[in-house]
Amino acid sequence: MSSVVGVLALQGAFLAHQQSLTKLGIASQEVRTPSDLEMVTALVMPGGESTTMSHLLATSGLFAAIDSRIKAGMPVFGTCAGMILLARGVLDGRSDQTSFGAIDIDVRRNAYGRQVDSFETDIAVDGLTDDFHAVFIRAPQIVRCGPEVTVLAKYRDDVVLARQGSVMVASFHPELTDDTRIHSLFTGLLQEV
Ligand code: GLN
């Protein structure tokens, strides 16, 4: 069966992810309901507002459906707010915000401070020959990485791209550049499962 990558489309920057996947020749499907989820083999969780997405995940019935697919090994890639949703611990979150705990990291929301709310920088990424231009927008910071987590890139001392099994997270927005190499790293996981 050919792979269809779902993009969580409750809120946020899901269209840009679909465009990156299209550039790679990969079919994508917007996921808003549990029945949409049944049609996909992997899922991207975009940037946006994690508190809003957390609320919509609960009301749409998607939280439980995604949780059981992740536990069954579905590859999933969370960027920025999507990373917050996948983290084990969320600091400076709203008290009613929930996360999947799919990767053993703790993140702090909006951690890079007001002056540098948004910034761009070139980072070295494990497995890529040339640097990747990373766009950070009110980015969460990974403040703890568990022993099972593989670090794929750092900005200064902070881990900004990481993986645990078939779960990958980025604190920046690879979908906002023309460069599809990070999406390729993720879709490469589809061959592994
Ligand atoms: N600060 C946002 C949140 O907490 C994430 C920002 C983003 O996804 N660009 O959800």
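Whatever order the structure lists them in is the order used to number ligands and atoms, beginning at 1.
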Subject >> Pairwise side-chain contact, Thr187 with Leu21, heavy-atom cut-off 4.5 Å (strictly under) >> reply: yes

Original post:
Counting each atom of ligand 1 from 1 as listed, which ones have a heavy atom of Arg109 under 4.0 Å away?
Top reply: 3 (C), 4 (O)

**OP:** Examine distances only and state if a side-chain atom of Arg109 and a backbone atom of Asp92 form a donor-acceptor pair shorter than 3.5 Å.
**Re:** yes

Original post:
Where is the tightest heavy-atom contact between Phe77 and Pro174, given as atom of each residue plus distance?
Top reply: CZ-CG, 3.9 Å

Original post:
Which residue and non-hydrogen atom of the protein lie closest to atom 7 (C) of ligand 1, and at what distance in Å?
Top reply: Cys80 SG, 2.8 Å

**OP:** With the side chain counted from C-beta on, respond yes when Gln29 and Asp36 share a heavy-atom pair under 4.5 Å apart, and no when they do not.
**Re:** yes

Subject >> Side chain, backbone, both or neither: the part of His173 lying under 4.0 Å from ligand 1 by heavy atom >> reply: side chain

Original post:
Looking at atom 1 (N) of ligand 1, what's its closest protein heavy atom, distance included?
Top reply: Asn110 OD1, 2.5 Å

Original post:
At a non-hydrogen distance cut-off of under 4.0 Å, which region of Ile84 contacts ligand 1 (side chain, backbone, both, or neither)?
Top reply: side chain

Original post:
Which ligand 1 atoms are under 4.0 Å away from a heavy-atom of Arg138?
Top reply: 1 (N), 5 (C), 6 (C)

**OP:** Look only at interatomic distance and state if Ala81 has a nitrogen or oxygen under 3.5 Å from any nitrogen or oxygen of ligand 1.
**Re:** yes

Original post:
Less than 4.5 Å apart, any side-chain heavy atom of His17 and any of Thr79?
Top reply: yes

**OP:** Would you mind checking if Lys23 and Glu175 are paired as a salt bridge, meaning a charged N to carboxylate O distance below 4.0 Å?
**Re:** no

Original post:
Any donor-acceptor pair under 3.5 Å linking the side chain of Arg138 with the backbone of Glu49?
Top reply: no

Original post:
Taking only heavy atoms of Ser50, which atoms of ligand 1 are found under 4.0 Å from at least one of them?
Top reply: 3 (C), 4 (O), 10 (O)

**OP:** Pull out every atom of ligand 1 sitting under 4.0 Å from any heavy atom of Gly47, numbered as shown with elements.
**Re:** 8 (O)

Original post:
To which protein heavy atom is atom 5 (C) of ligand 1 closest, and what is the distance rounded to 0.1 Å?
Top reply: Gly48 O, 3.4 Å

